[in-house]
Participant: 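Okay, handing you the structure first.
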2 protein chains.
Amino acid sequence: MAAQSIRRETMGAQLVAMLRSAILSGEFAPGEPVTETALALRFGVSRGPMREAMRHLIDQGLLVTVPYTGTRVLDLSTADINDIYSMRICLEIFAFEQAWDRRDAAFRDEMAERHRKLLEAIDARDDVRAIDAELDLHGLAYEWCGNKLLLSSWDAVRGRLQLYWAAHHRAHGITGPLRESHDDYIRLACGDSLEAMKNEIHSHMRRGLDKTKAFVESLDEQRRQTSPNGRTK
Amino acid sequence: MAAQSIRRETMGAQLVAMLRSAILSGEFAPGEPVTETALALRFGVSRGPMREAMRHLIDQGLLVTVPYTGTRVLDLSTADINDIYSMRICLEIFAFEQAWDRRDAAFRDEMAERHRKLLEAIDARDDVRAIDAELDLHGLAYEWCGNKLLLSSWDAVRGRLQLYWAAHHRAHGITGPLRESHDDYIRLACGDSLEAMKNEIHSHMRRGLDKTKAFVESLDEQRRQTSPNGRTK
DNA sequence: TGATTGCAGATTGTCTACAATAAAAGCGTG
DNA sequence: CACGCTTTTATTGTAGACAATCTGCAATCA
């Protein structure tokens, strides 16, 4: 019944999706100020719904705002990366613990399917899609245990992660996930040893952390050289 | 409560606090519909800021909304309780792992201070304050590790927990935490064995889960008898 | 009798205009 | 040239009116 719904969604909800993808696609860079009027103009709506969508992303942590002063895209910081990745380890291990006994054929099929989509995006050299596919792949465990609270926490982490990876991609070009980087992950996630899977999560995250951290540090270095003040427009 | 003493904060931000405490104090019961106009009138503001505050609580999960139809306070459900408590175990153990080596004299002092406030509220038979104090006590570990992501996840859990406990309190009168219920928790949290603390968290949560679950089940029973129509979705 | 359709009320969604606030720019003065 | 004050401007905050949509009920018709 919902197949051919034309305007089933409210405007604000659509704006959230559009604005998020605009940020993650790099149209608005991390740290860059965004104003309600400008965005409203950009998306062809009034300030009301636009503001509402922005508040939603503020709640999610993708935007930060100072009352009566301004709003800007979340800036990249080395400190936050440790938080993000340690949180990932905690949540993903928990997700697998909860989902472990619920895994069935459908789970393994879905896992394979998402892996296929990831490989497809990598082969197509489509990094934006590859990033999304990798996060979808990791998201399966969270979805499978059916804990809404856990899922919303993962969403918060995912948003930030995507922001960092997208920035990384734009700075260094092709830097998406390697083709074989998830082979072990998939194998163990569908295997019989929860302990082995936990270890894989740890080492998987460790690799991701090192990579992401190195990038942001190089960015900090670069920024320090060009303008000691901060951002230039 | 002091309506508008100082206006350092923006109106919407104050409304969030007021509305939340109104919900948690039971002025608006779980499952009860709330309308923007009624609330705006109640707090003496326009629909704009009121709506904004409501959207914030919607993002936090304390309110649920259906487009063009209505908004209501989150309803109590037995299924969610398992999610909440398993999430609590996961997050709180992680918080102590992260904070463990950072604990110092200030940490132990603050822990003692919050425990003191909890006992004070219990002795004063002030259950609402006791609930808040207990959550503050548990919150210390989260605050201490300085992970913003973790803290926001804890906030989400805390809000729901508070909703359940407050409902419990209103239904059964004095049901707040017992005076000695946190002695072990405090002792081990300031002690030398992380493993012992993890065990304590597990058993502490187990007790809380059983108690809360029994309450909601009794509530479901009661609701099933009085009104068969039941507005469950 | 049963289903369908039209109507009324309520509620949220959106728009426009105006006020409050904070940061930046201008400017005179020592 | 630096300093402090005033003015300006950009931005968000708030208000009220209007439009779109949903729900329930009653009138209508086979």
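For the numbers below, each heavy atom of this structure counts, side chains included, while hydrogens, waters and symmetry mates do not. We name chains A, B, ... by the order of the sequence lines, and we start the count at 1 in each one.
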Participant: Could I get the full list of side chain to side chain contact (heavy atoms under 4.5 Å, CB included) partners for A:Leu41, not counting sequence neighbours?
Facilitator: none
Participant: Can you name the residues that form a salt bridge (charged side-chain N to carboxylate O under 4.0 Å, His left out) with A:Asp109, not counting sequence neighbours?
Facilitator: none
Participant: ring-ring contact (aromatic ring centres under 6.0 Å, His included) with A:Phe107: which residues, sequence neighbours excluded?
Facilitator: A:Trp144
Participant: Could you pull out the protein-nucleic contacts involving nucleotides 16-18 of chain C (nitrogen or oxygen on both sides, under 3.5 Å)?
Facilitator:
none

Participant: Taking salt bridge (Lys or Arg N to Asp or Glu O under 4.0 Å) as the cut-off, I'd like each qualifying pair that reaches into residues 12-23 of chain A, sequence neighbours left out, listed once.
Facilitator: none
Participant: Within this structure, what is the CZ-to-P distance between B:Phe43 and D:dT14, rounded to whole angstrom?
Facilitator: 15 Å
Participant: Map B:Val34 and A:Pro67 onto DNA chain C by nearest heavy atom, then report which one ends up closer to the 5' terminus.
Facilitator: B:Val34
Participant: Pairs under 3.5 angstrom, nitrogen or oxygen only, protein versus nucleotides 5-10 of chain C, please.
Facilitator:
none

Participant: Looking only at side-chain atoms of B:Arg51, point me to the closest of D:dT12, D:dT14, C:dT14.
Facilitator: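 For B:Arg51, the side-chain atoms sit closest to C:dT14.
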Participant: Sequence neighbours left out, what passes salt bridge (charged side-chain N to carboxylate O under 4.0 Å, His left out) with A:Asp83? Give chain and number order.
Facilitator: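 Salt bridge (charged side-chain N to carboxylate O under 4.0 Å, His left out) list for A:Asp83, sorted by chain: empty.
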Participant: Determine the contact category for A:Thr65: base if any of its heavy atoms lies under 4.0 Å from a base atom, sugar-phosphate if only primed atoms, P, OP1 or OP2 are that close, otherwise nothing.
Facilitator: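 The answer is nothing, as A:Thr65 stays clear of every strand by at least 4.0 Å.
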Participant: Just the rounded figure in Å: distance from P of C:dG13 to CD1 of B:Ile58.
Facilitator: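 My rounded result for the distance is 8 Å.
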Participant: Starting at CE of A:Met54 and ending at C1' of D:dT11, how long is that distance when rounded to a whole Å?
Facilitator: 10 Å
Participant: Kindly write out the residues that satisfy salt bridge (charged side-chain N to carboxylate O under 4.0 Å, His left out) with A:Arg116, not counting sequence neighbours, or none if the list is empty.
Facilitator: A:Glu113, A:Glu120
Participant: Check this one for me: any side-chain N or O of B:Arg72 less than 4.0 Å away from OP1 or OP2 of C:dT12?
Facilitator: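 For C:dT12, neither OP1 nor OP2 has a side-chain N or O of B:Arg72 closer than 4.0 Å.
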Participant: Can you list the residues that meet the side chain to side chain contact (heavy atoms under 4.5 Å, CB included) rule with B:Ser86, with sequence neighbours excluded?
Facilitator: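 B:Ser86: side chain to side chain contact (heavy atoms under 4.5 Å, CB included) contacts with A:Phe94, A:Gln98, A:Asn147.
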